[in-house]
Number of protein chains: 2
Amino acid sequence: MVQRSRELNPCPVSTLTNLLSGPWTMYILWVLSNSGPTRFGALKRKIAGISTKMLTERLRMLEQEEILYRHYEPTVPPQVTYGLTEKAKELITILEQLDDLAQRWYG
Amino acid sequence: MVQRSRELNPCPVSTLTNLLSGPWTMYILWVLSNSGPTRFGALKRKIAGISTKMLTERLRMLEQEEILYRHYEPTVPPQVTYGLTEKAKELITILEQLDDLAQRWYG
């Protein structure tokens with residue numbers, strides 16, 4: 001095993017893997033990655049079984065992490081759309097590789 | 001957002017991210033990735049704060065997942081060495097990308 005010069009510091013990556021393994025997180029990212037910007041109601045319908053409370057909480061966390069953006073339209077009734085940020089798109093390309101690996105291991 | 005033909009199925013990848021976010025898992029993979037095959041005692045010294053019980057349990061889980069191999073030498077006293085499997089090396093290359101991203105986000 002060649003000694004790699006660059007250390008794989010566990011702390012930041014543990015923060016990220018912990019975030020990703022939170023309930024419904026991967027599912028939400030998967031839906032937005034495949035559907036593009038999506039309204040809250042449509043998102044809830046696409047994620048069978050998630051409660052409004054849980055979806056609201058997960059979206060708020062992902063927004064705070066700047067993985068999602070939230071766009072508010074002051075129409076009547078107001079329309080709120082969620083989408084992946086540029087930051088998230090880089091994460092998605094890595095998650096797709098992890099998904100390929102996981103499909104082979106656990107698919 | 002171009003509709004991607006290949007869906008990112010969340011289930012297997014959630015299994016993998018849940019496994020990775022288990023306690024000490026990333027740290028153990030990081031040490032073995034950097035140090036190569038390592039004896040139990042040396043592994044415990046390199047992972048500050050982990051208990052013998054926890055390390056034993058995590059190593060057993062990772063061995064069952066075929067991410068680690070366990071080599072037993074019937075010397076007196078017996079010597080047990082742990083190392084990454086080929087399967088793990090593929091995972092590590094992805095985790096390094098995740099680590100780069102996490103360093104930029106959370107480093």
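Letters A, B, ... are given to chains in the order of the sequence lines, protein chains preceding strands, and every chain is numbered from 1. Computed from heavy atoms alone, side chains included, the values below leave out hydrogens, waters and symmetry copies.
- A search for side chain to side chain contact (heavy atoms under 4.5 Å, CB included) contacts involving B/Ser21 returns A/Thr17, A/Asn18, A/Ser21, not counting sequence neighbours.
- In this structure, A/Thr93 has no side chain to side chain contact (heavy atoms under 4.5 Å, CB included) partners at least two apart in sequence or on a different chain.
- Interface remark: of the candidates A/Val31, A/Leu98, A/Thr25, A/Leu19, A/Leu98 forms the most heavy-atom pairs closer than 4.5 Å to chain B.
- Within residues 55-68 of chain B, the residues having any heavy atom under 4.5 Å from a heavy atom of chain A are, by residue number, B/Glu65, B/Ile67.
- Rounding to the nearest 0.5 Å places CD1 of A/Ile94 at 7.5 Å from CG of B/Asp100.
- Residues forming a side-chain hydrogen bond (donor to acceptor under 3.5 Å, both in side chains) with A/Arg39 (at least two apart in sequence, or on another chain): A/Gln79.
- Tracing side-chain contacts under 4.5 Å through hydrophobic residues (I, L, V, M, F, W, Y), one never reaches A/Tyr82 starting from A/Tyr69; they form parts of separate clusters.
- If you measure heavy-atom distances from B/Leu91 to chain A, the contacts under 4.5 Å come from both the backbone and the side chain.
- Among all heavy-atom pairs drawn from A/Leu16 and B/Ala102, the shortest one is CD2-CB, 4.0 Å.
- Listed here is the closest heavy atom pair of B/Val13 and A/Met26: CG1-CE, 3.3 Å.
- Using a 4.5 Å heavy-atom threshold, the side chains of A/Arg104 and B/Lys87 count as separate.
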